[in-house]
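Just so we're clear, the structure is a prediction, and the values are computed from it rather than from any experiment. Values reported hereafter were calculated over all heavy atoms of this structure, with side chains retained and with hydrogens, waters and symmetry mates removed. Read the numbers this way: they start at 1 and go in the same order the structure lists the ligands and their atoms.
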Amino acid sequence: MGSPRKIIIDTDPGQDDAAAIMLALGSPEEIEVLGITTVAGNVPLARTSTNARIICEFAGRPDVKVYAGAERPLKRKPISAEHVHGATGLDGPPLFEPTMPLQDQNGVDFIIETLRREPKGTVTLCTLGPLTNVALALTRAPDIAASIREIVLMGGAYFEVGNITPTAEFNIYVDPEAAEIVFKSGVPLVMLTLDVTHKVLTLKARIESIRSLGTRAAVALAQMLDFFERFDIEKYGSDGGPLHDPTVIAYLLKPELFAGRDCNVEIEVNSELTLGMTVIDWWRVTDRPKNAKVLKDVDAQGFFDLLTERVGRL
Ligand code: RIB
Ligand code: CA
């Protein structure tokens, strides 16, 4: 066993973000969370910053450092998703005001400072929301691009197409200019797209496996998933909802659960009709450079077994 992989989680909690954070905190032998940075996305920044701390306290980790980042996209007006996540963004379990503090340092400055301090190529950015914070860090401190081991991001889609518009996935759509900066940065990218996440559905038996762990974290997460899945069941008529964000952490822990290919990916930032679309050259019909590993397939039960086992450790 090597030393734990150092990560920064950038997030807009979000019930599925909560599952990702718990999966990471439940895997201390493999993952060292250097800090959590929050961004406006599912709900406004003040709320995502509160939610990230609530999640850490549910997980019994009030020591984790949480830093608030950008409160709006680079140039567009904020778009949120209370219709999916509820007014608090973390509807489901009884919520509370967290007692752990929010760090004074801005999340973007924390990302820059951490990447300049840690040895080059040792820090992975795990992004679970819009890419505003990462884009701001790359713009303010271009030198950090060479220091990032890789960015593993939940975002985009190809075969599944869009979930917030007919062609765009939410995290990219909220801040397409930020996504463009990240996808043109040259930093190694791994994309967990909707093509993957729509294959990991919160089936009733899967939620019950989590609930039956009986711990504070597991019961709270099961209550979050009870609430979270209702939107996608209604929309897609599916059995359960897609559990997007924890696929990012699962990829770090067990990459063999996933399959995909290196592709060129470009972001639509001009057309109003297809704004935020991730134009993925999956069939290699162009000679554009392959700038991302695009994941498409996943062992869904293996993923849920991992998630359940690790949440059970909290
Ligand atoms: O499109 C799904 C993504 O948007 C997930 O990260 C979810 O939490 C929302 O941020
Ligand atoms: Ca998210």
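Although no hydrogens or angles enter the test, the distance criterion places a donor-acceptor pair under 3.5 Å between the side chain of T88 and the main chain of D91.
Protein N, O or S atom count below 3.0 Å of the Ca ion (ligand 2): the structure gives 5.
Using a cutoff of 4.0 Å between basic side-chain nitrogens and carboxylate oxygens, E118 and R149 are not scored as salt-bridged. Ion pairing between R53 and E57 fails under the 4.0 Å rule for side-chain N and carboxylate O. Checked for salt-bridge contact, D297 and K199 meet the test: a charged N lies under 4.0 Å from a carboxylate O.
Ring planes of Y236 and H198: perpendicular class, angle over 60° (limits at 30 and 60°).
A cation-pi arrangement is present between K296 and F159, with the terminal nitrogen or guanidinium carbon under 6.0 Å from the aromatic centre and inside a 45° cone about the axis.
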Starting from the N and O atoms of ligand 1, collect every protein N/O partner closer than 3.5 Å and put each pair on its own line with the distance to 0.1 Å.
{"from": "ligand 1", "atom 1": "1 (O)", "to": "N163", "atom 2": "ND2", "distance (Å)": "2.9"}
{"from": "ligand 1", "atom 1": "1 (O)", "to": "E169", "atom 2": "OE2", "distance (Å)": "2.5"}
{"from": "ligand 1", "atom 1": "4 (O)", "to": "N171", "atom 2": "OD1", "distance (Å)": "3.2"}
{"from": "ligand 1", "atom 1": "6 (O)", "to": "L128", "atom 2": "O", "distance (Å)": "2.8"}
{"from": "ligand 1", "atom 1": "6 (O)", "to": "N171", "atom 2": "ND2", "distance (Å)": "3.0"}
{"from": "ligand 1", "atom 1": "6 (O)", "to": "D245", "atom 2": "OD1", "distance (Å)": "2.6"}
{"from": "ligand 1", "atom 1": "6 (O)", "to": "D245", "atom 2": "OD2", "distance (Å)": "3.0"}
{"from": "ligand 1", "atom 1": "8 (O)", "to": "D16", "atom 2": "OD1", "distance (Å)": "2.7"}
{"from": "ligand 1", "atom 1": "8 (O)", "to": "D16", "atom 2": "OD2", "distance (Å)": "3.0"}
{"from": "ligand 1", "atom 1": "8 (O)", "to": "D17", "atom 2": "OD1", "distance (Å)": "2.9"}
{"from": "ligand 1", "atom 1": "8 (O)", "to": "N42", "atom 2": "ND2", "distance (Å)": "3.1"}
{"from": "ligand 1", "atom 1": "8 (O)", "to": "D245", "atom 2": "OD2", "distance (Å)": "3.1"}
{"from": "ligand 1", "atom 1": "10 (O)", "to": "D12", "atom 2": "OD1", "distance (Å)": "3.3"}
{"from": "ligand 1", "atom 1": "10 (O)", "to": "D12", "atom 2": "OD2", "distance (Å)": "3.0"}
{"from": "ligand 1", "atom 1": "10 (O)", "to": "N42", "atom 2": "OD1", "distance (Å)": "3.3"}
{"from": "ligand 1", "atom 1": "10 (O)", "to": "N42", "atom 2": "ND2", "distance (Å)": "3.3"}
{"from": "ligand 1", "atom 1": "10 (O)", "to": "N171", "atom 2": "OD1", "distance (Å)": "2.9"}

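Residue V174 belongs to a hydrophobic cluster whose other members are I79, I164, F170, Y173, L275, with links defined by side-chain heavy atoms closer than 4.5 Å.
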Would you tabulate the side-chain donor-acceptor contacts of residues 278-288 under 3.5 Å, counting partners in other chains and residues two or more places apart, or write 'none'?
{"from": "T278", "atom 1": "OG1", "to": "A157", "atom 2": "N", "distance (Å)": "3.0"}
{"from": "T278", "atom 1": "OG1", "to": "A157", "atom 2": "O", "distance (Å)": "2.8"}
{"from": "D281", "atom 1": "OD1", "to": "R284", "atom 2": "N", "distance (Å)": "2.8"}
{"from": "D281", "atom 1": "OD1", "to": "V285", "atom 2": "N", "distance (Å)": "2.8"}
{"from": "D281", "atom 1": "OD2", "to": "V285", "atom 2": "N", "distance (Å)": "3.3"}
{"from": "D281", "atom 1": "OD2", "to": "T286", "atom 2": "N", "distance (Å)": "2.9"}
{"from": "D281", "atom 1": "OD2", "to": "T286", "atom 2": "OG1", "distance (Å)": "2.7"}
{"from": "R284", "atom 1": "NH2", "to": "D262", "atom 2": "O", "distance (Å)": "3.1"}
{"from": "T286", "atom 1": "OG1", "to": "R288", "atom 2": "N", "distance (Å)": "3.1"}

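When each of L192, L23, I21, L128 is tested with D245 by the rule side chain to side chain contact (heavy atoms under 4.5 Å, CB included), just one qualifies, namely L128.
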